[in-house]
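Taking it in order: structure first as C-alpha cells, then the write-up.
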Amino acid sequence: YKKLGEMDFDGLISDITPKTDVRAKKIRKLGTAATLKRGTILAMSSGTAGDGKLVILGTTAATKETLTPDCILTDDIEVGTANDVVTTVYTAGCFDSGKITVKSGYTMTAADYDALRKYGIVFKAASAN
C-alpha cells in the first residue's frame, strides 16, 4: 500500500446529491492581478458585448453585456492582467452557502440562487456553523 496524498475537508461540498460535475472554462483576465479562491462563484459573460468568459459574480457588467451566475471555482487560481486563464470549475453539485465567495460588497440574490439551480448547483449547509 502506498499513501497517494492528503485532503483537508473544507466543507465546500456538502452532499453527494446532485453529483458534482467538473469542467474546464476560461476566466477573463483582471484589471489588477489577484488570486481567486476555491468556492468563488463565477458568472458567464453574454449579450452583444459579452465574450463568453467567466468573471467573479458581482462584477459590474459592461454596456450590452449580461452576467449570469454559472459555476463555482474548484481550486485557488492566480489570474493576471495579460492573459485569460483556463481552469476547472464545478458546473453541478451540492455546496455549503457559507463557504462560497462573491465579489467584495456583493450579496447573493434569490435570482442568483435560482440561476445556479438551473445548472444543477444547489446549496445546503454542511454544519450549523
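- Every residue meeting the side chain to side chain contact (heavy atoms under 4.5 Å, CB included) condition with Arg117, not counting sequence neighbours, appears here in chain and number order: Tyr113, Asp114, Val122.
- Applying the side chain to side chain contact (heavy atoms under 4.5 Å, CB included) rule to Asp21 yields the partners Arg23, Thr91, Ala92; only residues at least two apart in sequence or on another chain are considered.
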List, one per line, each side-chain donor-acceptor pair under 3.5 Å for residues 100-108, sequence neighbours excluded.
from: Tyr106; atom 1: OH; to: Asp112; atom 2: OD1; distance (Å): 3.4
from: Tyr106; atom 1: OH; to: Asp112; atom 2: OD2; distance (Å): 2.6

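- Taking each heavy atom of Leu57 and Pro69 in turn, the nearest pair found is CD1-CG, 3.8 Å.
- Here Lys124 pairs with Asp15 under the side chain to side chain donor-acceptor pair (under 3.5 Å) rule; sequence neighbours left out.
- From Met44, atom CE reaches atom OG1 of Thr68 across 9.0 Å, with rounding to the nearest 0.5 Å.
- Sequence neighbours left out, not one pair with a member in residues 14-61 passes ring pair (Phe, Tyr, Trp, His ring centres under 6.0 Å).
- Not counting sequence neighbours, the partners of Lys3 by the salt bridge (charged side-chain N to carboxylate O under 4.0 Å, His left out) test are Glu6.
- Judged as a salt bridge (Lys or Arg N to Asp or Glu O under 4.0 Å), the pairs with a partner in residues 78-92 (not counting sequence neighbours) are, in order, Lys53-Asp84.
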Discussion item. As a quick check of understanding, evaluate side-chain contact (heavy atoms from CB on, under 4.5 Å) for Ile27 and Thr87, giving each step before the final call.
Written reply: CA-CA 7 Å; Ile27 297 176; Thr87 189; 3.5 Å; yes

Practice prompt. Decide yes or no on side-chain contact (heavy atoms from CB on, under 4.5 Å) for Thr40 and Ile56, but give the supporting numbers first.
Written response: CA-CA 7 Å; Thr40 299; Ile56 300 169; 4.1 Å; yes

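- Counting only residues at least two apart or on different chains, the salt bridge (Lys or Arg N to Asp or Glu O under 4.0 Å) pairs with a member in residues 65-74 are Lys25-Asp70, Arg28-Glu65.
- No side-chain heavy atom of Lys29 sits under 4.5 Å from any side-chain heavy atom of Thr81.
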Fill in: Verdict with supporting geometry, Ser45 and Asp51, side chain to side chain donor-acceptor pair (under 3.5 Å)
CA-CA 6 Å; Ser45 170; Asp51 57 11; 3.3 Å; yes

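- Contact record, Val86 with Ala24: CG1-CB, 4.2 Å, taken as the closest heavy-atom pair.
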Worksheet item: What do the steps show when you test Ile13 against Thr20 for side-chain contact (heavy atoms from CB on, under 4.5 Å), and what is the final call?
Response: CA-CA 9 Å; Ile13 297 173; Thr20 56; 4.0 Å; yes

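- For Lys64, there are no side chain to side chain donor-acceptor pair (under 3.5 Å) partners two or more places apart in sequence or in a different chain.
- The list of ring pair (Phe, Tyr, Trp, His ring centres under 6.0 Å) pairs with a residue in residues 58-101, not counting sequence neighbours, reads Tyr90-Phe95.
- With sequence neighbours excluded, the residues forming a side chain to side chain contact (heavy atoms under 4.5 Å, CB included) with Thr88 are Val22, Thr74, Asp75, listed by chain and number.
- Distance check: Ser46 OG to Leu67 CG gives 7.5 Å after rounding to the nearest 0.5 Å.
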Discussion item. What verdict does the side-chain contact (heavy atoms from CB on, under 4.5 Å) test give for Leu54 and Cys71, after you've listed the backbone C-alpha separation in whole Å, the side-chain angles of each residue and the deciding distance to 0.1 Å?
Written reply: CA-CA 9 Å; Leu54 298 170; Cys71 56; 3.7 Å; yes

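- Taking 4.5 Å as the limit, every side-chain heavy atom of Leu73 sits out of range of all side-chain heavy atoms of Lys37.
- Val85 pairs by the side chain to side chain contact (heavy atoms under 4.5 Å, CB included) definition with Ile77, Val79, not counting sequence neighbours.
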